[in-house]
Amino acid sequence: VGSTPTPARPQLGGKISLILILFYGAATLAAQVLLLREFLVLAQGNELQLGLGLWAWLIWTGLGSLGGGRLAASRLIAPATLARWLGILGGLLPATVFLSRCLPGLLHLPLGEVLSPFQAGLLFLLLLAPFCLLSGLFFPLACQSLKGSQTWGTLGRVYFLDTLGAALGVGFLQLFLIGRVPTLKLALGLGLILNLLAILAPSARRPKQSMIITGLSLAILGGLLSQA
């Protein structure tokens with residue numbers, strides 16, 4: 001009697017998850033570079049206050065991972081779920097860059113003056129909360145997704161792909177784009193790539209969610225064209 005063949009669908013789902021995690025690593029570290037450039041302007045070049053931006057990044061990302069771990073513990077995470085979260089991250093990145101330029105004016109912060117540590121810390125916490133919470137949430141969901149596809153070394157593979165993606169993404173950003181393309185345009189371009197990846201990732205279709213991601217992609221594309 002021949003052995004039962006291994007289903008191909010879990011293997012395909014695992015490969016899709018691997019690709020999504022690689023892009024996640026590239027996007028999150030590239031986003032950190034872009035946002036810290038904006039925060040350096042807000043901090044008037046003050047490196048100590050820029051450190052508050054890193055502090056806020058770590059706080060929110062850690063909290064997001066804590067919430068993601070609890071969310072993933074009792075669920076099977078499909079690649080489609082990772083793709084949707086990645087698409088939302090793609091929308092949050094340019095929105096965060098845009099808000100970092102608008103929020104000081106909206107809050108009537110003094111122009112040309114160095115912000116106090118309290119002002120800088122509060123501003124960075126407000127700006128980074130959405131993107132970093134979702135970024136932190138993604139990692140444990142990715143681990144659970146690979147675990148569901150029965151791949152070996154789940155945590156190590158996710159960490160490796162995340163780190164590899166970060167190295168490739170920031171390397172490309174620094175070598176070819178930083179200093180040549182404006183920060184907001186870079187954020188819009190990266191956001192569009194993540195949204196297209198979310199749309200094109202083969203998965204079970206959910207019409208409402210697909211429409212949301214498609215609408216978000218069109219909005220980002222419109223913003224990108226307006227920067228041309």
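Counting begins at 1 with the first residue of the sequence. Worth saying up front: this structure is predicted, and the values here are computed from it rather than measured.
When all heavy atoms of Ser145 and Ser17 are compared, the pair lying nearest together is OG-OG, 2.8 Å. The two residues Pro130 and Leu126 make their nearest non-hydrogen contact at CD-O, 3.9 Å. Shortest non-hydrogen contact noted between Ala72 and Leu141 is CB-CD2, 3.7 Å. When every heavy atom of Cys143 is checked against every heavy atom of Leu155, the shortest pair comes out as SG-CD1, 3.7 Å. The shortest non-hydrogen separation linking Gly91 to Asn195 is N-ND2, 3.7 Å. Closest heavy-atom contact between Leu86 and Leu197: CD2-CD2, 3.6 Å.
At a threshold of 4.5 Å between non-hydrogen side-chain atoms, the residues Phe139 and Thr28 do not count as touching. With contacts defined as side-chain heavy-atom distances shorter than 4.5 Å, the pair Leu34/Leu184 does not qualify. Here the side chains of Leu173 and Leu29 are not in contact, with every heavy-atom distance at 4.5 Å or above.
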Identify each donor-acceptor pair in which a side-chain atom of residues 93-100 lies under 3.5 Å from a protein atom, sequence neighbours left out, and give them as a table.
from, atom 1, to, atom 2, distance (Å)
Thr96, OG1, Leu92, O, 2.7
Ser100, OG, Val97, O, 2.6

Show me, pair by pair, the donor-acceptor contacts under 3.5 angstrom made by side chains of residues 58-68, not counting sequence neighbours?
from, atom 1, to, atom 2, distance (Å)
Trp60, NE1, Leu125, O, 2.9
Thr61, OG1, Trp57, O, 2.7
Ser65, OG, Thr61, O, 3.2
Ser65, OG, Gly136, O, 3.0

Name each donor-acceptor pair under 3.5 Å that joins a side chain in residues 158-171 to protein atoms two or more places apart or in another chain, with its distance.
from, atom 1, to, atom 2, distance (Å)
Thr163, OG1, Tyr159, O, 2.8

Worksheet item: Between Phe39 and Leu128, is a side chain to side chain contact (heavy atoms under 4.5 Å, CB included) present by the stated rule, with each step listed?
Response: CA-CA 11 Å; Phe39 289 176; Leu128 289 176; 3.6 Å; yes
Practice prompt. Take Val33 and Gln174 through the test side chain to side chain contact (heavy atoms under 4.5 Å, CB included) and record every step on the way to the result.
Written response: CA-CA 9 Å; Val33 172; Gln174 294 285 1; 3.9 Å; yes
Worksheet item: Checking side chain to side chain contact (heavy atoms under 4.5 Å, CB included) for the pair Leu127/Leu35: CA distance, chi angles, key distance, verdict?
Response: CA-CA 10 Å; Leu127 287 170; Leu35 291 172; over 6 Å; no
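When the side-chain contact (heavy atoms from CB on, under 4.5 Å) test is applied to Pro117, the partners found at least two apart in sequence or on another chain are Gln49, Leu52. A search for side-chain contact (heavy atoms from CB on, under 4.5 Å) contacts involving Val41 returns nothing, not counting sequence neighbours. The side-chain contact (heavy atoms from CB on, under 4.5 Å) check on Leu40 picks up Leu50, with sequence neighbours excluded. The ring pair (Phe, Tyr, Trp, His ring centres under 6.0 Å) test applied to Phe138 returns Tyr24, not counting sequence neighbours.
Residues Leu48 and Phe124 are members of separate hydrophobic clusters, defined by side-chain heavy-atom contacts under 4.5 angstrom among Ile, Leu, Val, Met, Phe, Trp and Tyr.
For the atom pair CG (Leu89) and CH2 (Trp85), the distance works out to 9.0 Å, reported to the nearest 0.5 Å. Within the model, atoms CD1 of Ile77 and CG of Leu71 stand 6.0 Å from one another, a figure rounded to the nearest 0.5 Å.
The neighbour count for Phe23 CZ, taken as heavy atoms of other residues, nucleotides or ligands under 6.0 Å away, does not exceed 12.
Sorted by first and then second residue, the salt bridge (Lys or Arg N to Asp or Glu O under 4.0 Å) pairs involving residues 16-38 (not counting sequence neighbours) are Glu38-Arg101.
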